[in-house]
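A short worksheet on the structure shown next.
When a ligand or atom number is given, it counts from 1 through the structure's own listing order.
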Amino acid sequence: MLPVIGTFAPWTDPAVVQIGRLPAHTPLRGFRRRSLDGRWQLEMFESPDAVPATAIDGDRRRAVEVDVPGNWTMQDLDGFDDLPQYTNIQMPFAGPPPELPDRNPTGVFRRSFDVPKAWSSGRVVLGVDGAESVHAVYVNGDFVGYGTDSRLPSEYDVTAHVRPGQNELAIVVVKWSAHSYIEDQDQWWMGGLHRPVWIESRPSTHLADLPITTGYDAATGSGTVSLDAFVSFGGVPEAGWTVRATLFDPNGRQVGSPRTGDVPHEHARPYQFTGFSVAAEFAVKKAKPWSAERPDRYEVRVELIDRRGRSRHVESMLVGLRTIETRDRQLLVNGQPVWIFGVNRHDHHPDRGKAVTVDDIRDDLVAMRRLNISAIRTSHYPNRDEFYDLCDELGFYVIDESNIESHGYNWSVCDDARYRQAWVERGARMVQRDRNHPSVIIWSLGNESGYGVNHDALAGWIRRADPTRPLHYEDAIRIEGWDDGGRPATDLVCPMYPTIDEIRSYGERGVGDRPLILCEYSHAMGNSNGSLADYWDVIVATDGLQGGFLWEWKDHGLRQRLPDGSVRLAYGGQFGDVPHDCNFVADGLMSADLDPHPAAAELAWVYRPVVVTGDAATVASSGSVRVENRRSFSTLRDLRASVVAVGIDGELARRRWKVPAIAPHAAADVALPALPTDTVAVRIEWATAADTWFAPAGHLVAWDEVVVDADPTVPSPPGAQPPGELVTPELSLFRAPIDNDGFKLMPDLARRLRVGGQALATWQDAGVDRTDPERLVGHTVSVEHDATGTTYHHIVDVPPELADLPRVGVAFELPDGFDRTRWFGRGPGENYPDRNRGAMLGVWDGGIDPLPYLVPQEYGLRTDCRWFEIIDSSTGHTVRIEALDAPLHVSAVGYSAAELYDSASSFDLAPPARVIVHIDAAHRGLGTASCGPDVLDRYRLGAGTYEFTYRVTLPD
Ligand code: GAL
Ligand code: MG
């Protein structure tokens, strides 16, 4: 039984959110802090009730050593069974709230720490920055406090419990609690101390909180900074203490004179007493505002000065001067609309789980900016404090989300009074911690928790505490309607996974006054993100639509060592976890190791800051194109433009292109240099002129093309031979289902619950996945051999009952050794008919693509190819395919559709032993039906006749 609290079992009571915890506050860095991170003793128990008091007191017999920060679910527990478990909506154990399972893994973390003698005069505070799910703290055997909310720091005043020299600390972490029901986010359930633990000394009288509000007036160019310095007196409040605040501009120059104020000490007249706080205000003429494009920051230095004039505590805060408003269906930063080029980001690392380091966070941000991402929703909880510092410094707009999701009990917990306090505390404590960050432009009340009284209680608190930022909450508009629903809880219309038509309709109907920003869209599960560019065509063309946050940044694969010594990235169920939701956790734009999936290139293109448009006729006649600057505050001066003339055999010319300064949100017509006559497409590339924090100079930021010759002649290299027996194309109609076609590992979802894509079930019912395609459709082929090659002409008749096939094309095998590809078509990366707008025409060079997805599925296609070569680089042998009528889609991959279809993990596939070449006349789009709309009609394969012609040769 846990000492002191064991009989009350606060973890079973949703209404107990904390015991003995200090109030949340803006991060303060002016104290002497010692990190307690490192190796800790950990002893695991079957439940909190099974923890003997001796375990707290330091009986170490059964302890293992683990890393803090760390998730115990990711570390070696010497036989104790508690591995990661993945569920999406369902809770991992039976309810209803707040019922808990009997087995409730509980860890007693122990270490000793030193308290210097010099700390005796002040307060000693212990910080636990993140514990999943709840924790209790014991110092030298004394109970100190208890905290909930796994994603915000908890602080405890341990002065009365420590002594100079060595002290013993025990933190008991209980995995399942009444609060687990409101931490039911779609991610791995973990356990442990996943963020830093520290101890610090604070002077007995110190600054305890420093909320700062800033503003910027675009009309006058002036800014404001107002702060409240809250003082905590160690003993009886004394007279004579003052606070001095000084402001410095981004160049370190002092702005105006310091402001000084007396700390109130008397409150004999309680009615008038406003607290031990000093307010200060600064007006800044000619301010340098903060934005994600220009993240200039001012320093606010605040000193607490005692009655003898000595400075006793100094804090320095970096703030940004900026104003956020929603007005006339627009979200405005400093009076300007900004495009929300966003992604949803979870804390995730394949080895560390939720225990991400500051370097991990920085790596994410660098990789994001390389893809032109400038906005992040912290789905679905507040991050480590350093995340926001980095976003302030580097320039990202952030939706900061409260750690509240009760998805499994969507309709009840939000109205459950027992959870009211938890709702308010989670949101309020987030605001209290993060309010000084300019990057945080919107507060989110959480995710997928229905809409109830608890939400409005939290919204009311935030609106009063921080009127400077809008609120976000998706379920309020989902449940009450986009036009005017859920107003108390959300200032944005922030739907998830709507269709393009739905968002267009909201914009065009001109209803309401709220901007529409997609809180989640374009589900990146496996080979996905079809129609990303189609969403943005509508977003940029329609008033009231301003962008969104793609779901989601990274796969949550976890590195797992198997008994045979091999290592894989695991998804739900692969740890023996029951219940689980399988590979739905692998839905990132990046792999868990931060390798970009092919869709990343499309996203970077869709989010490009400069857009060039033109049509063939204009480019040919007047030679000019339209250049549009999509930034809100800066020109394109930091980018160098080049014009590339692309021919059927390669680049014909590449020239620097001088573009006049184009103001933010402005566009200009700019003349192109003269083009070589055999130009097929003109590509305009924009690269960084200088080294930046995210990439060396020359990093490609934006690109566009104008096709000037829609029907180029494909040359046949001289001296070619016919392919003979080497190439035997066979009809092919099936593709290894992508996650959007249907969850092959969770067939019940489509068939019984109608969840996710239905295409796979339809194909299975029609036998497309296993029947000889010649028996499914009408197919005639004529083959003509001549001295230099073989020409194939196919006519395929798709009957009405087989409409919406995966592909119509042919496939053949080449022996191992063919290891290179070259082609004229869209590239350089994998692309599909509804995800190829960012893939440009050109002559590209590649290898045989490795499978980029955790669950094997169709991959590797290149659309709109005029010719395609597969090359054995050791012998030079080449197989060349030439499209004779319309361009064709081609892939050269290491596995057949059947092999990919039959396999559940990319780690189960043997290394490729041959090359499978697909030539498709048509290929179904990707869509995002794993969570969202299926493929648009125009990217589907209707019934009817498909005719295609190509020639195969073996060039010299
Ligand atoms: C949303 C949810 C996310 C995630 C996503 C699907 O409904 O907010 O947390 O579950 O769907 O991957
Ligand atoms: Mg959910």
Check your understanding: Between Trp423 and Tyr419, what is the ring plane arrangement, given parallel below 30°, perpendicular above 60°, and tilted in between?
Key -> perpendicular
Exercise for review: State whether a side-chain donor-acceptor pair under 3.5 Å links Ser528 with Asn740.
Suggested key: yes
Check your understanding: Can you find a side-chain donor-acceptor pair between Gln185 and Asn447 that sits under 3.5 Å?
Key -> no
Check your understanding: If we only count N/O pairs under 3.5 Å, is Glu405 in contact with ligand 1?
Key -> no
Review point. Which heavy atom in Glu401 sits nearest to a heavy atom in Ser379, and how many Å separate them?
Key: OE2-CA, 3.9 Å
Point to revise | Nearest neighbour of atom 10 (O) of ligand 1 from the list Val585, Asp186, Asn344, on a heavy-atom basis | key: Asp186
Practice item. Considering the heavy atoms of Asn447, write down every atom of ligand 1 situated less than 4.0 Å from one of them. Key: 2 (C), 8 (O), 9 (O)
Review point. For ligand 1, which atoms, with element, lie under 4.0 Å from some heavy atom of Asp587?
Key: 12 (O)
Study note, to complete from the structure: Looking only at protein heavy atoms, what sits closest to atom 5 (C) of ligand 1 is Tyr497 OH, 3.4 Å
Check your understanding: Passes side-chain contact (heavy atoms from CB on, under 4.5 Å), Asp364 versus Val356? Steps please.
Key -> CA-CA 11 Å; Asp364 277 357; Val356 296; over 6 Å; no
Check your understanding: Does Tyr381 have Arg151 sitting over its ring (NZ/CZ under 6.0 Å from centre, angle to axis within 45°)?
Key -> yes
Study note, to complete from the structure: Of Glu552, His556, Glu448, the residue with the heavy atom nearest atom 2 (C) of ligand 1 is Glu448
Check your understanding: Short list, please: which atoms of ligand 1 are under 4.0 Å from a heavy atom of His380?
Key -> 3 (C), 8 (O), 9 (O)
Check your understanding: Do Asp581 and Tyr571 get their side chains close enough for a donor-acceptor pair, meaning under 3.5 Å?
Key -> no
Check your understanding: So, Ser133 and His179: side-chain donor and acceptor under 3.5 Å apart, yes or no?
Key -> no
Exercise for review: Give a yes/no on ligand 1: does His523 have at least one heavy atom closer than 4.0 angstrom to it?
Suggested key: yes
**Study point:** Geometric class of the Trp176/Phe93 ring pair [parallel <30°, tilted 30-60°, perpendicular >60°]
**Key:** perpendicular
Review point. With atoms numbered from 1 as shown, which atoms in ligand 1 lie under 4.0 angstrom from a non-hydrogen atom of Asn88?
Key: 10 (O)
Practice item. Tell me whether the guanidinium CZ or amine NZ of Arg345 lies under 6.0 angstrom from the six-membered ring centre of Phe549 and within 45° of its axis. Key: no
**Study point:** Reference residue Arg352; test side chain to side chain donor-acceptor pair (under 3.5 Å); the match among Asp347, Asn71, Asp360
**Key:** Asp360
Exercise for review: Tell me which part of Gln185 gets within contact of ligand 1: side chain, backbone, both or neither, using heavy atoms under 4.0 Å.
Suggested key: neither
Exercise for review: Give the ring-plane orientation class for Tyr388 versus His437, where under 30° counts as parallel, over 60° as perpendicular and anything between as tilted.
Suggested key: tilted
Point to revise | Short N or O distance, Glu520 and ligand 1, threshold 3.5 Å exclusive | key: yes
Check your understanding: For the Mg ion (ligand 2), how many protein N, O or S atoms lie at less than 2.8 Å?
Key -> 3
Review point. What atoms of ligand 1 come within less than 4.0 Å of a heavy atom belonging to Phe584?
Key: 6 (C), 12 (O)
